[in-house]
A.B. asks: 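Supplied in structure tokens, the structure appears directly below.
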Amino acid sequence: MRMSYFPGCTLKNKATDLDMYARRSAEVLGVTLEEIENWQCCGGVFTMSKDEVATKLSSVRALKDAKKKEQPLVSVCSACHNVIKQTNHAMQNDKEFSDKVNRYMAEEEAYNGETQVYHYLEMLRDIVGFDRVAEKVVNPLEGKKVAAYYGCLLLRPNQVMQMDDPENPRIMEDLIKALGGQPIIYANRNECCGGYITLESPELAKKKSDSVLTNAKTAGAEILITACPLCRYNLLKNGADIPVVYFTEILAEALGVKEGTNE
């Protein structure tokens, strides 16, 4: 099975583990991620102004590339996925916006949101299936207590992202179970880490990160997983005293393509 893949800028430098283990694990599960040629930065944030189209063009080009290949488009970074998914939704549902984008691009074939967009976690759940993932596990997590940290971007806005229940998600917890681990449920797993205010208000950002980490550790977590490079950076920067790793790392460990994540 082949799927178009948008890695994003951060996965090429600070978050190489998120990218590398996503690719390795996908191959074990029978999925080849075909990186889109000449992709550009997604913009990092989906701007709400309808007049602003330039920052969304890279996402539209990626979506068009996947459409031409008749493939779904997969991303693994929370921010990239949020921008691409919201852009695709706008191209599907906002005619004024889609007309403006297509005129701006001035290409022969218009794009109107035909590509199916998946986050890597959705690919595991909806295409591969968590039962299939469990069958491929060679190094089960042996009851390791794992806390999933969703943050802001994977689940919201819910009417667009439609990945999971934004208040009580389970997609990462179900993955943890498939890998043989014990998911830890804690109150702050879908709260903001403070990432976008780190420069403006470092004290408030630290307070938010501390709240997430303390809550997870108090609930019994031995390790925390995330899909967001900014969240991981912010949590580690503010003094995490339990490992904070990408979910692809524990996936790759369980599938036998990475050494343990206890170091």
Side-chain angles (χ1 to χ4, degrees), residues 7-19 22 41-49 52 55 75-87 119-121 145-161 163-173 175-176 183-250 261:
C9 306
T10 307
L11 274 68
K12 293 296 184 179
N13 44 74
K14 294 294 185 181
T16 54
D17 285 346
L18 180 58
D19 174 61
C41 175
C42 72
V45 177
F46 181 81
T47 54
M48 301 305 293
S49 172
E52 172 52 56
T55 59
S75 53
V76 65
C77 167
S78 298
C80 291
H81 177 69
N82 187 281
V83 173
I84 291 171
K85 189 71 177 282
Q86 291 210 68
T87 299
H119 187 270
Y120 192 98
L121 286 163
K145 297 178 180 179
V146 183
Y149 179 59
Y150 291 86
C152 307
L153 299 175
L154 276 182
L155 305 172
R156 303 178 180 94
N158 179 54
Q159 66 271 24
V160 176
M161 305 310 292
M163 176 185 287
D164 209 338
D165 183 337
E167 300 303 324
N168 188 28
R170 56 177 291 176
I171 189 169
M172 281 206 273
E173 284 79 10
L175 173 61
I176 293 165
I184 298 298
I185 306 297
Y186 63 107
N188 287 15
R189 61 199 173 118
N190 55 356
E191 296 295 324
C192 178
C193 71
Y196 284 112
I197 59 171
T198 299
L199 296 179
E200 180 180 351
S201 180
E203 290 184 1
L204 180 56
K206 185 178 188 307
K207 181 178 179 180
K208 287 181 173 291
S209 292
D210 286 346
S211 179
V212 171
L213 291 163
T214 300
N215 190 225
K217 188 173 179 182
T218 300
E222 300 170 339
I223 184 172
L224 188 145
I225 61 171
T226 184
C228 180
L230 180 57
C231 290
R232 182 173 184 267
Y233 169 81
N234 211 42
L235 293 170
L236 290 174
K237 174 178 174 291
N238 286 309
D241 56 0
I242 59 174
V244 180
V245 304
Y246 297 118
F247 77 93
T248 55
E249 295 184 70
I250 66 164
T261 55

A.B. asks: Does a side-chain heavy-atom distance below 4.5 Å link Pro169 with Arg189?
C.D. replies: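 Heavy-atom side-chain distance check passes, below 4.5 Å.
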A.B. asks: Can you see which heavy atom on Lys208 is nearest to which on Cys192, and at what distance?
C.D. replies: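 Closest approach of Lys208 to Cys192, heavy atoms only: CB-O, 3.7 Å.
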A.B. asks: To the nearest 0.5 Å, what is the distance between OH on Tyr233 and SG on Cys193?
C.D. replies: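 Taking OH in Tyr233 and SG in Cys193, the distance rounds to 11.0 Å.
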A.B. asks: Work out which heavy atom in Asn234 is nearest to a heavy atom in Ser209; give both atom names and the distance.
C.D. replies: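 Smallest interatomic distance, heavy atoms only, reads ND2-OG, 3.1 Å.
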A.B. asks: If we only count heavy atoms from C-beta on, is the Val212 to Tyr186 side-chain gap below 4.5 Å?
C.D. replies: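 They are in side-chain contact.
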A.B. asks: Treating Asp19 as the side-chain partner and Ala15 as the backbone partner, does any N or O pair qualify as donor plus acceptor under 3.5 Å?
C.D. replies: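 No; judged by distance alone, with no hydrogens or angles, the pair does not exist.
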A.B. asks: Could you state the interatomic distance from CG (Asp210) to CD (Glu203), rounded to the nearest 0.5 Å?
C.D. replies: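 CD of Glu203 is found 11.5 Å from CG of Asp210.
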A.B. asks: Would a 4.5 Å heavy-atom cut-off, applied to side chains only, mark Val45 and Tyr196 as touching?
C.D. replies: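 A side-chain contact exists here, since the closest heavy-atom pair is under 4.5 Å.
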A.B. asks: Within the structure provided, determine whether Leu213 and Val244 are in side-chain contact (heavy-atom separation under 4.5 Å).
C.D. replies: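 Of all side-chain heavy-atom pairs linking Val244 with Leu213, at least one is under 4.5 Å.
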A.B. asks: Where do Asn13 and Thr16 come nearest, in terms of heavy atoms and distance?
C.D. replies: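 For Asn13 versus Thr16, the nearest heavy atoms are O-CG2, 3.3 Å.
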A.B. asks: Do Glu200 side-chain atoms and Ile197 backbone N/O form a donor-acceptor pair below 3.5 Å?
C.D. replies: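 Answer holds: no.
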A.B. asks: So how far is it from Ile242 CD1 to Lys145 NZ, rounded to the nearest 0.5 Å?
C.D. replies: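 The NZ atom of Lys145 is 12.0 Å from CD1 of Ile242, to the nearest 0.5 Å.
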A.B. asks: Hey, can you pull the donor-acceptor pairs under 3.5 Å for the side chains in residues 150-161, sequence neighbours left out?
C.D. replies:
residue : atom : partner : partner atom : Å
Tyr150  : OH   : Ile171  : N            : 3.4
Tyr150  : OH   : Met172  : N            : 3.0
Tyr150  : OH   : Glu173  : OE1          : 2.5
Arg156  : NH1  : Asn190  : O            : 3.0
Arg156  : NH2  : Asn190  : O            : 3.1

A.B. asks: To the closest 0.5 Å, what do you measure between NE2 (His119) and OG (Ser78)?
C.D. replies: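 The OG atom of Ser78 is 4.5 Å from NE2 of His119, to the nearest 0.5 Å.
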A.B. asks: Compare every heavy atom of Phe247 with every heavy atom of Leu175, then report the nearest pair and how far apart it is.
C.D. replies: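 That closest heavy-atom pairing would be CD2-CD1, 3.9 Å.
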A.B. asks: Please examine the side chains of Arg232 and Ile225, heavy atoms only from C-beta on, and report whether any two atoms are closer than 4.5 Å.
C.D. replies: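 Side-chain contact under 4.5 Å: no.
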A.B. asks: When rounded to the nearest 0.5 angstrom, what is the spacing between OG in Ser75 and CG in Leu121?
C.D. replies: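 If I round to the nearest 0.5 Å, the distance is 10.0 Å.
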A.B. asks: Within the side chain of Ser211, is there an N or O that forms a donor-acceptor pair under 3.5 Å with the backbone of Lys207?
C.D. replies: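 Checking the backbone N and O of Lys207 against the side chain of Ser211, no donor-acceptor pair under 3.5 Å is found.
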A.B. asks: If you compare all heavy atoms of Gly44 against all heavy atoms of Ala79, which two are closest, and at what distance to 0.1 Å?
C.D. replies: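 In terms of heavy atoms, the two residues are closest at O-CB, 4.0 Å.
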A.B. asks: Which atoms form the tightest heavy-atom contact between Asn188 and Tyr149, and what is the distance?
C.D. replies: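 For Asn188 versus Tyr149, the nearest heavy atoms are O-CE1, 3.6 Å.
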A.B. asks: Counting C-beta onward and ignoring hydrogens, is there a side-chain heavy-atom pair between Lys237 and Thr198 closer than 4.5 Å?
C.D. replies: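 In contact.
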A.B. asks: Looking at residues at least two apart in the chain, or sitting in another chain, which of them share a side-chain contact (heavy atoms from CB on, under 4.5 Å) with Glu52?
C.D. replies: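 Listed in chain order: Thr47, Ser49, Ala54, Thr55, Lys56.
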A.B. asks: Got a second to check how far Asn82's CG is from Thr87's OG1, nearest 0.5 Å?
C.D. replies: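 If we round to the nearest 0.5 Å, Asn82:CG and Thr87:OG1 are 9.0 Å apart.
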A.B. asks: Within a strict 4.5 Å, meaning less than it, do heavy atoms of the Cys77 and Thr10 side chains meet?
C.D. replies: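 Not touching, per the 4.5 Å side-chain cut-off.
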